[in-house]
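The figures that follow rest on heavy atoms only: side chains count, while hydrogens, waters and symmetry mates do not.
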Amino acid sequence: MNSFTDSFTINGITMTAQPICRQDEVLTPDALAFIAKLHRATAARRQELLQARRSRRAAIAAGQDPRFLRETEHIRNDASWRVAPPAPGLEDRRVEITGPVDKKMTINALNSGAKVWLADMEDSSTPTWRNVIKGQLNLTDALERRIDFTSDEGKEYKLKPAGDLPTIVVRPRGWHLPEKHMLIDGQPIAGGIVDFGLFFFHNARRLLAQGKGPYFYLPKIENHLEARLWNDIFILAQDLLGIPQGTIRATVLIETITAAFEMEEILYELRDHASGLNAGRWDYIFSIIKNFRTRGPRFVMPDRGQVTMTAPFMRSYTEQLVRACHKRGAMAIGGMAAAVPNRKDPEANANALEKVRADKTREAGDGFDGSWVAHPDLVPICREVFDAVLGERPNQLDKRRDDVTPDDRALIDIASLHGTITEQGIRNNIEVGIRYIESWLRGNGAVAIHNLMEDAATAEISRSQLWQWIYARAITDHGEIVTHEWVEELLDAEFARLERFDGDRFEDARDIFEEVTLATEFPSFLTLPAYARYLTEAREKATVEELAAA
């Protein structure tokens, strides 16, 4: 299809994608007019904020370490303000399951016994046009209880009887991701506005009628001004639909290093719509590597498997997050348990479950109000751990963590992390990166590799570590320098070992992986060139500006 000759325009929005079955249910004229208003009110500020990201990153690269902001000290020192009280369906979040919004995952997540389902349109979802539209349809169908699914093997998936189904919290795409199939004045709309706007427009009143509300997870935020932009969008969206202010609630993922220095300010900006912060550990590690990748040995991490939540800088991050949340009446939600149960290997399964239990036990003891899992089999473990700490209480907002002292130096104390870089770690990063991108190109943004659930964030760690190790001429545990040439050799070897199949996308995946790992310039997100080149109707090179956007 030619995206220009076959495109069509409704209410100022030009659609360039091959139409998807039932998309007219989602892309109604009124819904598109709503999105256009959100876009026009915020497009210029979004671009300014993306430029500010680039400037901030350049300052860090030039040697300027992030610190707590002086200009917002009055907000941190004002003990009087609080966020809105927990909204209906968000009082108890002891176990949250995450996953993409395909039919099978939608049904499994809603049947899982979790308190919350993070319906993910971001890191575990490939933003093909089909996935964008089908995700919206699946969410509405689920709320109307008209969703079911039969697998190729004949297994039927149906929602459990109405009852205590999880509260749905939607994660739209981050500010950096465009939706190139929806254009206004020739420019793509922000993917996050498309995801948020369509879900809110179609389901806000439906959710209110069911006794809950439109709730969201906000990803990749880098500072309080980006949170302010989301808050302004919420105010406008509620006004446009005549819905009371404060109906929307948002949990912000603290998954960038710069956001960690502004946790209270982010809550303050969203305070009438805020419901908490989440410790997005994998993107957080990626963000540290990305921002400090050229700063030398002080910021070089060991193999990614050795960067655990017990590392001093990660402990500081999570404890300061709980303190900031509970000081302001907001929920603190723990990070992802990435283990995927392996029912065919009892020993490996037992080890994985024990790691998950230890991880959740630490979080519950630290004061988190709940935590994430990626697989239904892990819901009972997470629930059991938090049940033991919470008892009959829905949360532990009363655990203030006044014993934690805010410490901006500790957040970037990477040098205190002891570990090694190994050849196996290099090989693992290569394998995971290529296998993940290959799956992503086929439309699946969450994939189990070596009993771990990988999404875009973990693939980002894999490729950015390799880039940093090459740049820093890091030395392995056997005394070998990590060079561009050696990584290329290992890449050839690992690529040759991959099990191929009809219709695989490994050749394309390798091209993308090499571009984001071995190029002199560092693309800020691997999904940007992959999206521009392989997922849009008009296949193209990502622009320099897009690749730099962070």
Side-chain angles (χ1 to χ4, degrees), residues 89 92-126 128 130-171 195 199 203 207 210 212 215 217 278 333-344 349 352-353 356 360 370-386 436 439-440 442-449 451-456 458:
D92 186 334
R93 304 175 63 173
R94 68 188 68 201
V95 53
E96 302 192 351
I97 190 166
T98 77
V101 284
D102 60 79
K103 268 192 180 182
K104 179 179 173 183
M105 181 63 201
T106 297
I107 296 167
N108 282 345
L110 291 173
N111 289 344
S112 68
K115 290 289 187 181
V116 168
W117 171 38
L118 184 152
D120 191 21
M121 297 181 169
E122 198 230 6
D123 267 6
S124 66
S125 179
T126 305
T128 62
R130 178 181 178 82
N131 284 352
V132 168
I133 297 300
K134 289 291 186 184
Q136 294 286 346
L137 288 165
N138 289 336
L139 287 168
T140 300
D141 286 349
L143 289 170
E144 289 293 322
R145 298 193 57 82
R146 61 185 182 217
I147 191 168
D148 53 46
F149 171 73
T150 303
S151 71
D152 293 339
E153 297 77 31
K155 183 177 179 181
E156 290 190 348
Y157 295 83
K158 294 181 183 295
L159 283 183
K160 288 180 179 176
D164 194 22
L165 291 182
T167 298
I168 295 174
V169 181
V170 172
R171 178 162 69 171
D195 300 336
F199 179 75
N203 297 299
L207 286 158
Q210 295 179 7
K212 294 184 178 177
Y215 306 142
Y217 258 107
N278 172 281
I333 307 300
M336 170 69 79
V340 177
N342 184 345
R343 296 165 183 169
K344 297 176 183 175
N349 199 44
L353 297 185
V356 172
K360 302 310 170 195
S371 192
W372 278 9
V373 298
H375 194 283
D377 285 359
L378 300 179
V379 169
I381 292 175
C382 187
R383 186 174 56 229
E384 179 186 324
V385 168
F386 276 88
Y436 176 78
S439 175
W440 189 92
R442 286 186 292 107
N444 179 17
V447 58
I449 303 174
N451 298 324
L452 291 175
M453 186 62 74
E454 307 284 355
D455 69 5
T458 52

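Salt bridge Lys104/Asp102: absent, no basic N to carboxylate O contact under 4.0 Å. Under the 4.0 Å criterion applied to side-chain N and carboxylate O atoms, Arg171 and Asp123 are not assigned as salt-bridge partners.
A distance of 8.0 Å separates CG of Asn349 from CG of Asn451, quoted to the nearest 0.5 Å. To the nearest 0.5 Å, atom CE of residue Met121 and atom OG1 of residue Thr126 are 13.5 Å apart. Note that CG of Asn444 is 9.0 Å distant from OG of Ser125, once rounded to the nearest 0.5 Å. Here the straight-line distance linking atom CH2 of Trp440 with atom OG of Ser124 works out to 12.5 Å at 0.5 Å rounding. To the nearest 0.5 Å, the span separating CD on Glu454 from CD1 on Ile449 amounts to 5.0 Å. Taking OG of Ser371 as the reference point, atom CD1 of Ile381 lies at 12.0 Å (rounded to 0.5 Å).
Proximity of Leu110 to Lys160: side-chain heavy atoms (C-beta onward) are nowhere separated by under 4.5 Å. Lys103 has its side chain within reach of Ile147: a pair of non-hydrogen atoms, C-beta onward, lies under 4.5 Å apart. Between Val373 and Thr98, the closest side-chain pair of non-hydrogen atoms is not below 4.5 Å. Using a 4.5 Å heavy-atom cutoff, the side chains of His375 and Leu378 are in contact. Using a 4.5 Å heavy-atom cutoff, the side chains of Asp377 and Val379 are not in contact. Val132 has its side chain within reach of Asp195: a pair of non-hydrogen atoms, C-beta onward, lies under 4.5 Å apart. Using a 4.5 Å heavy-atom threshold, the side chains of Lys115 and Pro166 count as separate.
A side-chain donor-acceptor contact under 3.5 Å links Gln210 to the backbone of Leu143. A donor-acceptor pair is defined here as one N or O able to donate and one able to accept, closer than 3.5 Å; such a pair exists between the side chain of Asn278 and the backbone of Gly334. Of the possible donor and acceptor atoms, one in the side chain of Gln136 sits under 3.5 Å from a partner among the backbone N and O of Phe199. The backbone N or O of Gly445 sits less than 3.5 Å from a side-chain atom of Tyr436, completing a donor-acceptor pair. In this structure, the side chain of Asn138 engages the main chain of Lys134 through a donor-acceptor pair within 3.5 Å. Side-chain N or O atoms of Asn131 include one that pairs as donor or acceptor with a backbone N or O of Gly443 at under 3.5 Å. Remark: side-chain polar atoms of Asp148 are not paired, donor with acceptor, to backbone N or O of Glu156 under 3.5 angstrom. Although no hydrogens or angles enter the test, the distance criterion places a donor-acceptor pair under 3.5 Å between the side chain of Asp92 and the main chain of Arg94. Judged by distance alone, with hydrogens and angles left aside, the side-chain atoms of Ser151 form a donor-acceptor pair with the main-chain N or O of Lys155 at under 3.5 Å.
Around CZ of Arg130, the count of heavy atoms belonging to other residues, nucleotides or ligands within 6.0 Å does not exceed 12. A 6.0 Å sphere centred on CZ of Arg343 holds no more than 12 heavy atoms belonging to other residues, nucleotides or ligands.
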TODO: Tell me, with the steps shown, if Ile97 and Leu118 meet side chain to side chain contact (heavy atoms under 4.5 Å, CB included).
DONE: CA-CA 6 Å; Ile97 190 166; Leu118 184 152; over 6 Å; no

Open item on the list: Working note: Asp120 + Val101, criterion side chain to side chain contact (heavy atoms under 4.5 Å, CB included); need CA distance, chi angles, decisive distance, verdict.
Closed with: CA-CA 6 Å; Asp120 191 21; Val101 284; 6.0 Å; no

Open item on the list: Between Trp117 and Thr167, is the side chain to side chain contact (heavy atoms under 4.5 Å, CB included) condition met? List the steps.
Closed with: CA-CA 6 Å; Trp117 171 38; Thr167 298; over 6 Å; no

TODO: Walk me through it: do Arg93 and Ile333 pass the test side chain to side chain contact (heavy atoms under 4.5 Å, CB included)?
DONE: CA-CA 8 Å; Arg93 304 175 63 173; Ile333 307 300; 3.8 Å; yes

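When every heavy atom of Met453 is checked against every heavy atom of Val340, the shortest pair comes out as N-CG2, 3.4 Å. Of all heavy-atom pairs spanning Arg383 and Val95, the tightest one is CB-CG1, 4.2 Å. Minimum heavy-atom separation, Gly89 to Lys212: CA-CE, 4.2 Å. Minimum heavy-atom separation, Leu353 to Pro341: CD2-CG, 4.5 Å. Between Ser439 and Val447, the closest heavy-atom pair is OG-CB, 3.8 Å.
Side-chain atoms of Asn203 and Thr140 include a donor-acceptor pair closer than 3.5 Å.
In summary, the aromatic rings of Trp372 and Tyr217 are positioned with their centroids under 6.0 Å apart.
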